[in-house]
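So that the names make sense, note that chain A is the first sequence line, chain B the second, and so on, each numbered from 1.
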2 protein chains.
Amino acid sequence: MQTFLEHAKSASRIIATLDPKTKMDVLAHMAEALEKHSALIITENQKDLEEAKKNNLSSALVDRLLLNTQRIADMANAIREIAALKEPVGRILEGWVVPSGLRIEKVSIPIGVVGIIYESRPNVTSDTAALCFKSGNACVLKGGKEAFYSNAVIASILQEVLEKFNLPIEIISLLPDSSREGVAKLIKMDKYVDLIIPRGGEALIRFVSENATVPVVKHDKGVCHTYVDKEANLDQAIEIVLNAKCQRPSACNSLETLLVHESVAESFLPRMKEALELTGAEIKGCDKTQNLLHVKLASEEDYHTEHLRNALNIKIVESVDEAIAHIAEFGSSHSEAILSENYTTVERFLNEVDAATVYANASTRFTDGGEFGFGAEVGISTNKLHARGPMGINDLTTYKFKVYGKGQIRA
Amino acid sequence: MQTFLEHAKSASRIIATLDPKTKMDVLAHMAEALEKHSALIITENQKDLEEAKKNNLSSALVDRLLLNTQRIADMANAIREIAALKEPVGRILEGWVVPSGLRIEKVSIPIGVVGIIYESRPNVTSDTAALCFKSGNACVLKGGKEAFYSNAVIASILQEVLEKFNLPIEIISLLPDSSREGVAKLIKMDKYVDLIIPRGGEALIRFVSENATVPVVKHDKGVCHTYVDKEANLDQAIEIVLNAKCQRPSACNSLETLLVHESVAESFLPRMKEALELTGAEIKGCDKTQNLLHVKLASEEDYHTEHLRNALNIKIVESVDEAIAHIAEFGSSHSEAILSENYTTVERFLNEVDAATVYANASTRFTDGGEFGFGAEVGISTNKLHARGPMGINDLTTYKFKVYGKGQIRA
């Protein structure tokens, strides 16, 4: 493991200062290579699919695993889009001159070696490799064991392109020991690895957070709320809540608990329930909600749950304060929305709710790198530091200060 | 510990949205209160000084502990300077409109609860408390046990001011259990604590890095280099090297190893040695250096050492490449300088050396929040992420995205 990571570290020094044009060329060749080797990728992918069948994986999981010509073309096009992104390295973030006459530039630079731990979808392998490459980082990828053959063939095709350009193949590598022990080792190698991004279930995130000495940017769960204020546009609110809950319930930015001001509950909730139930939503509610709607009681545990399916809790609150307090207790600081026409209430909510993304009069489903205009997305960070919320390619850089002098010494 | 941190967490919500004017008023009162209670502070400080004598602390350490009327006035003035800094919360870092018509603002916000672990100087207690307060954070302070009485009285004076303003005293608190076990608990309380900043010796930093589940911004050692290129202005080089090494050898940004291009070694090094020895510097060198100067041989360990005193290593290199490679191996990514008039060589060094701060033709001693124009400094981070290099008050903030809609739902 140590030798492997030493190679990744020294490879990271080479990719860090590669010129932008070469990086674009390499990525273009990678996209082409994936398409050219479609048949090979599909053959290897079949092995994963057969294993999946043997292990009785759900049809949803099997579908996530499946690669076909179209999906491989999509992967190639994702690499082309990443290649076309504005160069993330060398942006001057700030610059100024201090009284000593020194000129200081704060400049974006690659992070170094980035370890990424993820599950199922094999396209994450090529997406992530391309994002790290474009941002000048070496990456160590640890995909799900269910995609073993697919990830291996994708990585080796990308590495072949690196070789063609006389670049070290260790710029993109798969973690050789992909067992839990291998991950446990990786996340303690702070001498070689500069950042770990775990994307996956709560158990993985917890394990990595608790054991890593390498800095971690988590992609954890989303327990998101939408608060319908007494001054909300209720017609609009129905559409927004429907979208937030039902457009893609499995997404981390989808709604889990609807908070409704008591003074509009009676006029709003029966209509809302009807609209939700047309989509097959399963609704629970607080005791006040039960006075208005025929629903099961939501427990404390329900309020903590990321449902990942078309299910939600409804809670009636007395004020925006109670809504903010509920979110502070049960929210996961991911995406929180207020629906209101009142300026002061909206301001209070946006300022006082502590979450990566806070919305006025829009669906929480917009928390997404693409929707934010970042182009390809690394993921949605639930960290408070370094990168928060939708993570674009610029979040795969850090910075250095360049100081230009003419002989200055400190007095 | 948990109840204590729950209080800190809820206090952090109150300070987070306090208006700038009130924060300035509170800080002004804190400065005044410290001066008004000078006699009390000096009495309590005496207890620490007596303990220090009993424990045979070095005179340097005793001097760091000592508080007198002047030093207390300095502490008060430091708070006044922090109060006058530009409001760090609510800065719009970026803002744009996406195709869906959503308006997105990336806005600076407080981090939450910040734990700071530090040693000796009691002024760090008031400085840090003021920096955290101004940036809207609650802080949990863990000072050195040698400053126990001084830190306690300073904190309680600041807390009295909080009370006067009807603010929770838990906005500024000392860690109740300041033992190693107390610290071990604190750094695992990621539910309540958002950031740990350890400032101190290598053992402390290592302990915190290895055991924390809370994100850490380290203030670790500086093994800094200055490379005198074959095209350096040698007169200027003598002044810069003298300043980098001797102006304050105990500082983390002072020089440890001087790298000299072989083609100027013969003309430069004897003059440099003479100038250094006038300051009492202790010099070791590589075998090539020994051919030119009468000095002891520098070992591999010497190249890894942060001397913290007037001692340095000299190494003769064949090229800027060898200089860059030496720094990659032995540097601590703190502050690295090149002295050269050659444009391309300077560019290569600044771009290829991976350090928080890289200099052309200036002393590394400028790596400092004050010299960078940040006003009061939190410290000098050796992290690669979140905050790197000199850390100003803005580095005590993170960000959220505020999204302003008019009913948008995701297609």
Spatial distance of atom [atom1] ([X]) from atom [atom2] ([Y]) [nearest 0.5 Å]:
| X | Y | atom1 | atom2 | result |
| --- | --- | --- | --- | --- |
| A:Asp354 | B:Ser12 | CG | OG | 8.0 Å |
| B:Ile238 | A:Ile409 | CD1 | CD1 | 12.5 Å |
| B:Ile324 | A:Arg13 | CD1 | CZ | 11.5 Å |
| B:Thr398 | A:Lys384 | OG1 | NZ | 7.5 Å |
| A:Asn361 | B:Gln408 | CG | CD | 9.0 Å |
| A:Ile104 | B:Phe366 | CD1 | CZ | 9.5 Å |

Can you tell which part of [X] gets under 4.5 Å to a heavy atom of chain B, answering side chain, backbone, both or neither?
| X | value |
| --- | --- |
| A:Leu242 | neither |
| A:Ile109 | side chain |
| A:Ala328 | both |
| A:Gln236 | side chain |
| A:Ala16 | neither |
| A:Asn253 | side chain |

Leading residue by heavy atom contact count with chain B [cutoff under 4.5 Å; candidates [options]]:
| options | value |
| --- | --- |
| A:Leu195, A:Val217, A:Val98 | A:Val98 |
| A:Glu352, A:Arg248, A:Glu371 | A:Glu371 |
| A:Pro110, A:Ser209, A:Ala356, A:Gly373 | A:Ala356 |
| A:Asp368, A:Val346, A:Asn211, A:Asn383 | A:Asp368 |

With a 4.5 Å cut-off on side-chain heavy atoms, are [Y] and [X] touching?
| X | Y | answer |
| --- | --- | --- |
| A:Lys402 | B:Asn351 | yes |
| A:Leu385 | B:Pro215 | yes |
| A:Val403 | B:Val358 | no |

Exercise for the section: Flag the pair B:Asp190 and A:Arg206 as a salt bridge only when some basic side-chain nitrogen lies within less than 4.0 angstrom of an acidic carboxylate oxygen. Expected result: yes

Practice task
Without swapping roles, check the side chain of A:Gln247 against the backbone of B:Ala411 for a donor-acceptor pair under 3.5 Å.
Solution key: yes

Handout entry: Whether B:Asn243 side chain and A:Arg410 backbone form a donor-acceptor pair below 3.5 Å
Key =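 It does hold such a pair.
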
Specify the closest pair of heavy atoms between [X] and [Y], including all atoms of both residues, with the distance to one decimal.
| X | Y | result |
| --- | --- | --- |
| A:Glu347 | B:Tyr404 | OE2-OH, 4.2 Å |
| B:Gly405 | A:Ala362 | CA-CB, 4.2 Å |
| B:Tyr399 | A:Ala387 | OH-CA, 3.4 Å |
| A:Arg388 | B:Lys400 | NH1-CB, 3.9 Å |

Does any backbone or side-chain atom of [X] lie under 4.5 Å from a heavy atom of chain A? Answer side chain, backbone, both or neither.
| X | result |
| --- | --- |
| B:Lys406 | backbone |
| B:Val353 | backbone |
| B:Ile240 | both |
| B:Leu339 | neither |
| B:Ala355 | backbone |
| B:Glu341 | neither |

Practice task
On the 0 to 90° scale, with breaks at 30° and 60°, tag the A:Phe372-B:Phe401 ring pair as parallel, tilted or perpendicular.
Solution key: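 Correct class here is perpendicular.
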
Exercise for the section: Decide if atom NZ of A:Lys185 counts as having more than 12 heavy atoms of other residues, nucleotides or ligands within a radius under 6.0 Å. Expected result: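 Count not over threshold, so no.
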
